[in-house]
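In the text below, chain A, chain B and the rest are named by the order of the sequence lines, each starting its count at 1.
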Number of protein chains: 2
Amino acid sequence: MRRDVFQAIADPTRRAIILLIALQAMTPNAIAQHFDTTRQAVSKHLRILTECQLVKQKQSGREIYYELNETRMKEIDKWLEQFRKIWESRFNELDKVLLTIKNKKK
Amino acid sequence: MRRDVFQAIADPTRRAIILLIALQAMTPNAIAQHFDTTRQAVSKHLRILTECQLVKQKQSGREIYYELNETRMKEIDKWLEQFRKIWESRFNELDKVLLTIKNKKK
DNA sequence: TAGTTATGAAACCATTCGGTTGCAAATATA
DNA sequence: TATATTTGCAACCGAATGGTTTCATAACTA
């Protein structure tokens, strides 16, 4: 059973849950009210999100508030960073080429 | 059959393929040599990546060069942008609170 | 032209996924 | 204490996923 952030955000319901609790920590019951599924299905999603540490739990009596773990979210950004670097360096290459052309003209 | 960027990048092999062709456009055969699977499996991954427009094809005789579609990649970044905004506004809220405390002290 | 190479598509298979229902445990409340 | 509420977990089910093997087609090449 693979459990990483990318697999976690692959499901649209989970992405919606993430967005919900990003705005405000919520209990499973409260979250489930926003969706057209059973509370248990939401509970399963929360388990997956917990397993890859995208969400944190805060117990308050019998209620459990789920909140987003920003650090883990930033891992997705870190993955994208690779590509930004690649594109940037490619842009610099293009820059060099343009500079060469410019110098040849002189 | 759902076909969106998030489902596409959920698979680790597909993420590796994306990184490979981000550096240089490649043919399916060349890509497959980097992995421990059959060419056909890679071909399937490329189909999925094509379907959600994460990659573009460039035919050259009987060879097909696959290259990354940067625009689609930026959609992932756009999704993350939401959260940056939420966190930022939350930070500003905190800022307001701190300002209020500061003013009360005066 | 005959044979090789590059590629995609179809059929099949075991595993995973996302959902459901039913149940048990812990906490709150009358 | 008896009842209601909040939650997680297990068992089950149909669909999707990722892989394989086999095959057809198009394009190079000897």
Novice: Can you tell which of D:dC9, D:dT21, C:dG19 lies closest to the side chain of A:Gln40?
Specialist: D:dC9
Novice: Please figure out whether A:Ser60 or A:Thr37 has its closest DNA chain C nucleotide nearer the 5' end.
Specialist: A:Thr37
Novice: What is the distance from CD1 of B:Ile31 to P of C:dA6, rounded to the nearest Å?
Specialist: 14 Å
Novice: Quick check: on DNA chain C, is the nucleotide nearest B:Arg47 upstream (toward 5') of the one nearest A:Gly61, or the reverse? Name the residue that is more 5'.
Specialist: B:Arg47
Novice: Starting at CG of A:Leu46 and ending at P of D:dT7, how long is that distance when rounded to a whole Å?
Specialist: 10 Å
Novice: Does the side chain of A:His45 get closer than 4.0 angstrom to OP1 or OP2 of C:dC17 through an N or O atom?
Specialist: no
Novice: Rounding to a whole Å, what distance do you find between A:Asp4:CG and C:dC17:P?
Specialist: 10 Å
Novice: Please state how far atom OH in B:Tyr65 lies from atom P in D:dA27, giving the value in whole angstrom units.
Specialist: 16 Å
Novice: On the nucleotide D:dT17, are OP1 or OP2 found under 4.0 Å from the side-chain N or O atoms that B:Arg3 carries?
Specialist: yes
Novice: Is there a donor-acceptor pair closer than 3.5 Å between any side-chain N or O of A:Ser43 and the backbone N or O of A:Arg39?
Specialist: no
Novice: Can you measure A:Ile64 atom CD1 to C:dT27 atom C1' for me and round it to whole angstrom units?
Specialist: 11 Å
Novice: Step by step, work out the side-chain contact (heavy atoms from CB on, under 4.5 Å) result for B:Leu49 and B:Ile21.
Specialist: CA-CA 12 Å; B:Leu49 292 171; B:Ile21 63 172; 5.6 Å; no
Novice: For B:Ser43 and C:dT7, is the shortest distance between a side-chain N/O and OP1 or OP2 below 4.0 Å?
Specialist: no
Novice: Would you tell me if any nitrogen or oxygen in the side chain of B:Thr38 comes within less than 4.0 Å of OP1 or OP2 on D:dT20?
Specialist: yes
Novice: Return the nearest nucleotide to the side chain of A:Gln7; candidates are D:dT6, C:dC17, D:dG8.
Specialist: C:dC17
Novice: Can you tell whether the side chains of A:Arg47 and A:Glu51 come within less than 4.0 Å, N to carboxylate O?
Specialist: yes
Novice: Calculate, to the nearest 0.5 Å, the distance between atoms NZ and CG belonging to A:Lys74 and A:Leu80 respectively.
Specialist: 14.5 Å
Novice: Can A:Met73 be reached from A:Val5 by stepping across I, L, V, M, F, W or Y side chains whose heavy atoms are under 4.5 Å apart?
Specialist: yes
Novice: Which nucleotide wins on minimum distance to the side chain of A:Tyr66, given the candidates D:dG8, D:dT6, C:dG19?
Specialist: D:dG8
Novice: Respond yes when some side-chain nitrogen or oxygen of B:Asn29 is under 4.0 Å from OP1 or OP2 of C:dT5, and no when none is.
Specialist: no
Novice: Would you mind reading off the distance between B:Gln59 atom CD and D:dT25 atom P, rounded to a whole angstrom?
Specialist: 17 Å
Novice: Let me spell it out: for each of B:Lys44 and B:Arg39, pick the nucleotide of DNA chain D with the closest heavy atom. Which residue's pick is nearer the 5' end?
Specialist: B:Lys44
Novice: Rounded to the nearest 0.5 Å, what separates atom CD1 in A:Ile64 from atom CD in A:Gln59?
Specialist: 4.5 Å
Novice: A:Thr27 side chain N/O closer than 4.0 Å to the phosphate oxygens (OP1, OP2) of D:dT7?
Specialist: yes
Novice: Choose from D:dG18, C:dG18, C:dG8 the nucleotide whose nearest atom is closest to any side-chain atom of B:Arg14.
Specialist: D:dG18
Novice: Taking atom P of C:dT27 as reference, at what distance in whole Å does atom CZ of A:Arg62 sit?
Specialist: 10 Å
Novice: For B:Gln57 and C:dT7, what is the distance between atoms CD and C1' respectively, to the nearest whole Å?
Specialist: 10 Å
